[in-house]
Amino acid sequence: NAGVMQNPRHLVRRRGQEARLRCSPMKGHSHVYWYRQLPEEGLKFMVYLQKENIIDESGMPKERFSAEFPKEGPSILRIQQVVRGDSAAYFCASSPSPEKLFFGSGTQLSVL
Amino acid sequence: GIQVEQSPPDLILQEGANSTLRCNFSDSVNNLQWFHQNPWGQLINLFYIPSGTKQNGRLSATTVATERYSLLYISSSQTTDSGVYFCGTREGGTSYGKLTFGQGTILTVHP
């Protein structure tokens, strides 16, 4: 059973471009979470999704950020018109139950 | 929302030493997990421990939910234990909701 897969591992964008981050949860996991980690900081919750539904997006910035988890395919975190402050590591986690969370290797976004 | 505080923020050890990391939380919880983020950024789930004590090799964890804290013990530390240790918790009464994390403890183990 492969782990949580995130791609790309590294993503470089210029200011104003769009960034798309992908996350394939572990097989059988229907709960997906996205977290952001700024340098030297902890993990900040962004959004929690189940298949086709956004359950909690209380950590998402109001503008430019969106997330989806379609019936088929990976979960996508989309950042429009990126700014330098968006540079961070973005982690996806999935869960089969209320107990354990399993993280992917993260996507390091760098905005030039 | 729930507040999570970890201490100490930084810890430097010589190989072979023991250490205790602490996680305090502000409200009742039904989920407490410890994670290790290695120097390459990978986050590994160490323990799911909403209450009681668990052990896994040189690591063990104890959560006293009534007093709102959890401890992670590392015995006979090795250089591979270096990294950042996070605790994360979920407010009581919620099942699949988000985990809120502390700021982490940065552990450096010298040979």
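Letters go in sequence order (proteins before strands), and every chain restarts at 1.
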How long is the gap from [atom1] on [X] to [atom2] on [Y], to the nearest 0.5 Å?
| X | Y | atom1 | atom2 | value |
| --- | --- | --- | --- | --- |
| M46(A) | K98(B) | CE | NZ | 12.5 Å |
| F91(A) | Q42(B) | CZ | CD | 7.5 Å |
| K100(A) | L99(B) | NZ | CG | 13.0 Å |

Same cluster or not: [X] versus [Y], using hydrophobic residues (I, L, V, M, F, W, Y) connected whenever any side-chain heavy atoms lie under 4.5 Å apart?
| X | Y | value |
| --- | --- | --- |
| M60(A) | I76(A) | no |
| L21(B) | L13(B) | yes |
| I79(A) | L49(A) | yes |
| V32(A) | F103(A) | no |
| V4(A) | L77(A) | no |

What part of [X] is in contact with chain B, defined as an atom under 4.5 angstrom from a non-hydrogen atom: side chain, backbone, both or neither?
| X | result |
| --- | --- |
| Q37(A) | side chain |
| L43(A) | both |
| F102(A) | neither |

For this session: Can you establish whether the number of heavy atoms outside E41(A) located under 6.0 Å from its atom CD is more than 12?
Result: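 Atom CD in E41(A) is crowded, with more than 12 foreign heavy atoms closer than 6.0 Å.
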
Exercise. Would you say Q80(A) has more than 12 foreign heavy atoms packed within less than 6.0 Å of its CD?
Worked result: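 For Q80(A), atom CD is crowded (more than 12 foreign heavy atoms under 6.0 Å).
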
Exercise. Given that the side chain runs from C-beta out, which part of Q37(B) has a heavy atom under 4.5 Å from chain A: side chain, backbone, both or neither?
Worked result: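 It is the side chain, since no backbone atom gets that close.
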
For this session: Sort out for me which residue in Y35(A), F45(A), Y33(A) forms a ring-ring contact (aromatic ring centres under 6.0 Å, His included) with F101(B).
Result: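 For F101(B), the ring-ring contact (aromatic ring centres under 6.0 Å, His included) test succeeds with only one of Y35(A), F45(A), Y33(A), which is Y35(A).
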
Exercise. Which is it for F35(B) and L101(A) under the side chain to side chain contact (heavy atoms under 4.5 Å, CB included) test, yes or no, and what are the steps along the way?
Worked result: CA-CA 10 Å; F35(B) 295 84; L101(A) 223 59; 4.0 Å; yes

